Amino acid sequence: MSQTPPEDADLNHVAEALADYVRDGGRLSIADGSGVIGQLEAQLSEVLGLSNPLTFASATAALHAAYLALDMPPGSEVIGPVNTFHASLSPAAHCRLNAVLVDVEPDTGTMSPAALEAAIGPMTRCVTVTHYLGHPAAMDEITAICRARHLYLIEDFSHAYLSTLQGQPVGTFGDIAVGSLQERKTLVAGEGGILGTRTRALFERAVLAGHYRGRALTLENETLRAFGDTGLGLKMRMHPLAAVVALANTGRLVERVTARTTLLERFSRLLEGVPGVQPPVVRPGAGMGGWFSYRPQIRELKPGVGTDDYLHRLQAAGVPAHYPSIGPLTDMPLFTDPIPMRAAADTWRPRLCGPFPGATAFDTGRISVTVTPQDTPQTIDAYATAFAGVSRDLAAQDAA
């Protein structure tokens, strides 16, 4: 008897949840945090360990609210890694803040604590770390630096659902944590974001930043509550149907992450010792939350044969490998050129603390292999065999 592929089973489960919600007359706009919105926030708090969870239309919106909630003076600097998705930092432009880009660790691609400390200046007020590709950043060192220098700390865990460092879940180290629920993430709403913070004052300011009416009228802080009808004029709340999708997927998150981790740990074991291939590094004490993207590194096997040749041979052998679609932020005009609008021109002047040898070392020869819920140990074994075959063929050519 044939079995339904895992990905199809997940889609059917989500489709049934959406149909049930609509047939049962579920509300299509929720401002007070009740209903499916409240259910999702409660479940995310339980599964992820987040305090005071607050849903948003996207993680970009959640980060915008986070920067507003920190209430930093205009021109304040936010330090972030050069290797991250732009939205970890770009919402700061709309809060009259500035970005500072620093180098990353050459083995994990996460923020370098040494580069962070060297970049701190008189206008620095905040640090935003990304747990890049699922690997936890060096939070012990980074947290210590932020505490010693009285800096706010934001964690972007969009790549790292259920990742841990020394057993502590990512998203629980800093002042604010934000995760994406976009369709390519490990936990999917289609579009959506989640914010969490242990500090009630930050939570209430985040509510006012992105929500109005509803829960904004029940804030404990009287000064903030007086603005509840309007908030700060922005509506960033999650659509209830997105919450239905996320809630349907949250119940299977641990199962899916466990299955994906098992496959990719197998992949890494099989690639160990394959000439010219370095599996993704996982440092001691780091727990990978399902690996947002599996990216081994190809190293030169012989002069004149580079990553392009190796990648093309892998693709010819049937491996779904490709170059990563997004490069460092230094490739993006938003962080290198004057912006073409006046909205933030007086404050948004990113400071690039290069050169970036760590990012160059991490990115050079880096490829991505697409691994989906439909993959099995057999497909992973076949991919690893193809890697070994490409390395063997290139070595044989050299000997000939």
Side-chain angles (χ1 to χ4, degrees), residues 14 17 21 26-27 30-66 69-70 129 131 134 136 139 143 152-165 167-182 185-211 214-216 218-221 236-258 287 289-290:
V14 168
Y21 185 81
R27 294 167 61 191
I30 298 175
D32 61 3
S34 65
V36 69
I37 298 293
Q39 294 171 37
L40 175 61
E41 290 174 352
Q43 187 144 351
L44 290 176
S45 178
E46 179 180 348
V47 173
L48 303 177
L50 295 179
S51 300
N52 294 308
L54 181 63
T55 47
F56 284 86
S58 67
T60 305
L63 282 154
H64 189 171
L70 293 177
V129 298
H131 301 296
M139 296 310 295
T143 301
Y152 290 116
L153 177 57
I154 296 175
E155 293 179 74
D156 183 342
F157 65 89
S158 299
H159 288 186
Y161 284 94
L162 302 185
S163 289
T164 58
L165 183 62
Q168 181 174 343
V170 300
T172 64
F173 291 86
D175 297 289
I176 296 178
V178 171
S180 171
L181 304 171
Q182 184 262 352
K185 302 303 187 294
T186 308
L187 180 57
V188 174
E191 290 286 358
I194 183 73
L195 177 151
T197 176
R198 292 188 299 271
T199 305
R200 182 69 189 183
L202 293 179
F203 169 80
E204 294 211 348
R205 291 205 292 265
V207 169
L208 204 68
H211 300 251
R215 66 173 108 200
T218 63
L219 298 177
E220 296 172 5
N221 184 298
M236 300 177 176
R237 63 180 183 248
M238 177 180 282
H239 194 289
L241 292 184
V244 172
V245 175
L247 193 60
N249 285 320
T250 301
R252 300 184 174 197
L253 179 63
V254 173
E255 176 186 350
R256 292 190 66 185
V257 166
T258 300

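As the structure is a computational prediction, the values presented were derived from the model and not from experiment.
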* **Y21 and R27: CA distance, side-chain angles, deciding distance, side chain to side chain contact (heavy atoms under 4.5 Å, CB included) verdict** => CA-CA 9 Å; Y21 185 81; R27 294 167 61 191; 4.2 Å; yes

* Please step through side chain to side chain contact (heavy atoms under 4.5 Å, CB included) for the pair L44 and L187, ending with a clear verdict. => CA-CA 10 Å; L44 290 176; L187 180 57; 3.4 Å; yes

Got a list of side-chain donor-acceptor pairs under 3.5 Å for residues 51-63, not counting sequence neighbours?
residue : atom : partner : partner atom : Å
N52     : ND2  : T197    : O            : 2.9
T55     : OG1  : E41     : OE2          : 2.8
S58     : OG   : T60     : N            : 3.4
S58     : OG   : A61     : N            : 3.0

* What's the shortest heavy-atom distance between P169 and T164, and which atoms? -> CA-CG2, 4.0 Å

* Closest approach of V170 to P136 (non-hydrogen atoms, all atoms of both residues) -> CG1-CB, 4.0 Å

* To do: Might you work through the side chain to side chain contact (heavy atoms under 4.5 Å, CB included) test for I37 and R215, ending with a clear yes or no?
  => CA-CA 12 Å; I37 298 293; R215 66 173 108 200; 3.5 Å; yes

Any side-chain heavy-atom pair from [X] and [Y] closer than 4.5 angstrom?
| X | Y | answer |
| --- | --- | --- |
| L70 | I154 | yes |
| L153 | M139 | yes |
| L48 | L162 | yes |
| H131 | S163 | no |

* Show your working on side chain to side chain contact (heavy atoms under 4.5 Å, CB included) between F173 and L165 and close with a plain yes or no. => CA-CA 10 Å; F173 291 86; L165 183 62; 4.0 Å; yes

* Between E155 and G174, is there a donor-acceptor pair closer than 3.5 Å when you use the side chain of the first and the backbone of the second? -> yes

* Between OH of Y152 and OG1 of T199, what distance do you get to the nearest 0.5 Å? -> 8.5 Å

* Interatomic distance, F157 atom CZ to T186 atom OG1 [nearest 0.5 angstrom] -> 11.0 Å

In residues 237-250, what donor-acceptor pairs under 3.5 Å come from side-chain atoms, sequence neighbours left out?
residue : atom : partner : partner atom : Å
R237    : NE   : I30     : O            : 3.4
R237    : NH2  : S29     : OG           : 3.4
H239    : ND1  : L241    : N            : 3.0
N249    : ND2  : V188    : O            : 2.9
N249    : ND2  : V245    : O            : 3.2
T250    : OG1  : A246    : O            : 2.7

